[in-house]
Amino acid sequence: MQATTVPAEGQILVNIEDMSMLKDIKRAISMLKGVGKITVPRRKRYSSYELSLRDLDEGRVTTHASVDEYFKSFGL
């Protein structure tokens, strides 16, 4: 009979829908026996240039033949 080895360390991924509960959830998880370190990955912050490229890729851009046409689109 062969003995099963238990890994020394593992990870668990928790998806949180309500980020206002993050602090309470971290506190609750840290109370569990065997929990060492809790890290929360940060979202990547996009520069305004990167955001405008995403707008372009996703079709959230309008074009106008002239500046006058642009202002007319606002009703001016």
Side-chain angles (χ1 to χ4, degrees):
M1 185 159 80
Q2 185 176 6
T4 305
T5 59
V6 177
E9 188 176 298
Q11 291 183 346
I12 186 169
L13 175 66
V14 178
N15 291 322
I16 301 171
E17 292 179 7
D18 184 3
M19 290 303 286
S20 66
M21 298 295 298
L22 180 63
K23 187 176 181 179
D24 295 331
I25 292 170
K26 282 174 58 176
R27 189 175 332 131
I29 291 173
S30 67
M31 290 183 205
L32 296 172
K33 181 179 179 182
V35 174
K37 179 180 172 186
I38 299 173
T39 57
V40 178
R42 301 219 185 268
R43 291 187 200 183
K44 182 180 186 236
R45 292 189 179 182
Y46 293 102
S47 68
S48 57
Y49 176 73
E50 291 170 319
L51 289 173
S52 51
L53 287 178
R54 288 180 67 189
D55 286 340
L56 184 62
D57 289 341
E58 295 175 11
R60 293 188 298 256
V61 180
T62 57
T63 57
H64 300 280
S66 68
V67 173
D68 292 328
E69 184 182 315
Y70 174 71
F71 285 118
K72 284 179 186 177
S73 69
F74 291 114
L76 300 175

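None of the values given here were measured: they were computed from a predicted structure.
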Assess whether atom NZ of K44 is packed by more than 12 heavy atoms of other residues, nucleotides or ligands within 6.0 Å.
yes
Find out whether R27 and M31 are in side-chain contact, i.e. whether some heavy atom of one side chain is under 4.5 Å from a heavy atom of the other.
yes
Point-to-point distance, once rounded to the nearest 0.5 Å, from CG of D55 to OG of S48
11.0 Å
Can you confirm whether more than 12 heavy atoms, excluding those of R45, are under 6.0 Å from its CZ atom?
no
Who passes side chain to side chain donor-acceptor pair (under 3.5 Å) against Q11, sequence neighbours left out?
none
For residues I25 and L32: do they belong to one hydrophobic cluster (side chain heavy atoms under 4.5 Å, members Ile, Leu, Val, Met, Phe, Trp, Tyr)?
yes
How many angstroms lie between atom OG1 of T39 and atom NZ of K26, to the nearest 0.5 angstrom?
8.5 Å
Interatomic spacing from CG in D18 to CG in D24 - rounded to 0.5 Å:
10.0 Å
To the nearest 0.5 Å, how far apart are CE in M19 and CE in M21?
12.0 Å
Kindly assign one of parallel, tilted or perpendicular to the pair F74 and Y70, based on the angle between their ring planes and the thresholds 30° and 60°.
perpendicular
Non-hydrogen atoms of I29 and V35 that approach each other most closely:
O-CG2, 3.4 Å
